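Okay, so here's the structure we're looking at.
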Amino acid sequence: MSAIGGEFRVRGAAAHAGVFGWLRANLFSSPANAALTLVCILAIAWIAPPLIRFLFLDAVWSGEGRDACLASIAQPHPGACWAFVRVWFSYFVYGSYPMGERWRVDLFFLALALGVVWLSWLSAPRRDVGAGYFFIALPILSFVLLHGAPLIGLAVVPTALWGGVLVTVVVAAIGMVFSLPLGILLALARRSDMPVVRLFAVAFIEFVRGVPLITVLFMASVMLPLFVPERLAPDKLLRALIGVALFASAYMAEVVRGGLVAVSRGQYEAARALGLTYWRMMGLVILPQALGVTLPNIVNTFIGLFKDTTLVFVVGIFDFLRTIEAARADPKWTAPTTTVTGYVVAALFYFVCCYGMSRYARSVEARLARAGRR
Amino acid sequence: MQQRSDHSGAGAPQADVAVEVVGLHKWYGDFYVLRDINLKVARGERIVICGPSGGGKSTLLRCINRLEDWQRGRVIVDGVELTEDPKRILTVRRDVGMVFQHFNLFPHLTVLENCTLAPIWVRHMPKREAEALAMTYLVRVKIPDQVHKYPARLSGGQQQRVAIARALCMNPNIMLFDEPTSALDPEMKKEVLDTMVELAADGITMLVVSHEMGFARQVADRVIFMDDGQVVEVNEPKNFFDQPQHERTRMFLKQILN
Ligand SMILES: Nc1ncnc2c1ncn2[C@@H]1O[C@H](COP(=O)(O)OP(=O)(O)O)[C@@H](O)[C@H]1O
Ligand SMILES: [Mg+2]
């Protein structure tokens, strides 16, 4: 009798107070859940206030040098030194790219954004044109814009001057754009009937996977000049780009292979029985399924690659993180808080980019599921 | 004694032969799966192949469009002898439709796209034309109102009918069916078998691996019994069921009729 009454009361409460009902159902549904909720609340209460104080309340928003961010009588515990970020911001974005030419970088960012949106928005118009733009027009346009083309009046900007977000984006984009097709080819080669092809693929994949990216970068930048005269050796950034692309493609090959394994033998047989050639079978039947299945892993690899781009600093390339490092070493800005602030900016940048990729992958998965294809 | 099947096709001019299998031997490693198969199928003929599981029925069928290769013997399909030559293999596959036990529809494509894929990419047909063609076959297999769904949304019987339509869209001269109904519930079996009976009435050459004895009686010109990698008996359906020649056939029939 009382049990029934109790249940009735609970239901009544849930119906009358939506917020409390929700809390009860989601955060306090069992003793263990309630305990976890309490622990989380305590943790937030412990971390959040000092963080908010540091980042916002005590933060220094403007100033021309370290003095603004040092402890003083007026400000015994100065917070984040946003003044530092403000002054150095354009360096973080463009590196040492010449002032007068930075519009070219802006234009590149715009062109890239257009391509990314066009391709990633699944119901965008004319996505085939979008793919052509992204994979053919955009690389050429980017090269002309960033590197320069004296013929049409764009001065050449040596890559040694490139830096910041620009370099991070270029390295990541090149890595992604090349690693996927190369990885697919390697994965197919690894499953090929031809022993020589298979052996090459296995050797390449296993060698690259057995070596840290740092080693690949060192090899690309230090060992290459041993064989090729420095004068003829490709540009330093280009060497790093090749290293990153090859490195990422070995990992991508294994990811794609996982997807290929998930496609049943019957799919190959049906495609072959219809008279499709090997490449059509792969391109139209097998790969779309394999890549769909393994999409989360592909995005994971992209996210890893994006963060790995920070390693190009070991061969003297000024990527985004390296520009922050350089800026915080500036004696004009030496203050206890500038370093932390710089790293907060870096963390925020990498987090926003990686989280964005991750969310996008989820939404595509959900869309595939809704379409009833899984 | 090996029963040779040439007898019923004897004297037929070569142009009327759809499939000819001569002295076919195949091993999977050490396992001797096809032992001296000889078979001549006339154009328009309907053959039902039955026999216990593991007897090599699927393997034989899959040799006819070279999904499997073999160690000894010859297979000639519509006058084209199958060799290593990829061109010949593709020529034969374009001419031979196949329907599988587990449908093997492409799950990432809609029903209509499943049907237009090969006409567009193998026959280089314009998309509109391919869609019109696909629609005529989808109407024939009675799926006209589901063409924009993905296969996973259809019942097994519907999926198998789409698979038949997909194969027909290549306008094949020969259709191979490998246990097309054995993955289906009884009521769905019927809708697929009805489709196949209609197809048989059109005069297309059919080789069907099936244990549907009603279908065999109704449609088959000849029934082949395979066991242990050998063709044990070839007979007209009436004789096959009513007075089988071989003890093994009798045993098998007794088993499946119970
Ligand atoms: N790829 C393969 N490798 C090794 N053995 C196989 C393979 N495919 C089939 N077999 C074997 O060959 C025999 C005949 O198979 P199958 O032609 O599928 O028989 P059926 O269709 O008559 O049931 C079976 O014993 C099976 O285990
Ligand atoms: Mg079988």
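Just so we're on the same page: letters track the sequence lines, and every chain starts at 1. Not measured: the values here are computed from a predicted model. Computation of the quantities below employed the complete heavy-atom set of this structure, encompassing side-chain atoms and omitting hydrogens, waters and symmetry-equivalent molecules.
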Under a 4.5 Å heavy-atom cut-off, does chain A meet the side chain of B/I89, its backbone, both or neither? neither
To the nearest 0.5 angstrom, please state how far the CD atom of A/E269 sits from the CD atom of B/E68. 7.5 Å
Could you tell me whether the side chain of B/H102 reaches within less than 4.5 Å of the side chain of A/S264, counting heavy atoms only? no
Please check: side-chain N/O of B/H108 versus main-chain N/O of A/L284, any donor-acceptor pairing under 3.5 Å? yes
Would you find more than 12 non-hydrogen atoms of other residues, nucleotides or ligands less than 6.0 Å from B/E84 atom CD? no
Given that the side chain runs from C-beta out, which part of B/R123 has a heavy atom under 4.5 Å from chain A: side chain, backbone, both or neither? neither
With a sphere of 6.0 Å drawn around CZ of A/R362, does it hold more than 12 non-hydrogen atoms of other residues, nucleotides or ligands? no
Is the CH2 atom of B/W121 crowded by more than 12 outside heavy atoms at less than 6.0 Å? no
At a 4.5 Å cut-off on heavy atoms, which part of A/R272 comes close to chain B: side chain, backbone, both, or neither? both
So which heavy atom on B/R166 is nearest to which on A/A270, and how close? NH2-CB, 3.5 Å
Which heavy atom in A/Q267 sits nearest to a heavy atom in B/P107, and how many Å separate them? OE1-CD, 3.5 Å
Just checking A/F178: does its CZ atom have more than 12 heavy atoms from other residues, nucleotides or ligands closer to it than 6.0 angstrom? no
Greater than 12 external heavy atoms within 6.0 Å of A/Y360's OH: yes
Where on B/F106 is there a heavy atom nearer than 4.5 Å to chain A: the side chain, the backbone, both, or neither? both
How many angstroms lie between CZ in A/R265 and CZ in B/F100, if you round to the nearest 0.5 Å? 10.0 Å
A/R198 atom CZ, over 12 foreign heavy atoms within 6.0 Å: yes
Are there over 12 heavy-atom neighbours, none belonging to A/D193, within less than 6.0 Å of that residue's CG? no
Do B/V122 and A/L274 touch side chain to side chain, with heavy atoms closer than 4.5 Å? no
Check: A/V285 and B/L109 side chains under 4.5 Å, non-hydrogen atoms: no
When rounded to the nearest 0.5 Å, the distance separating CG of B/L117 from CG of A/L276 is 5.5 Å
Tell me whether A/F207 at atom CZ has more than 12 heavy atoms from other residues, nucleotides or ligands lying less than 6.0 Å away. no
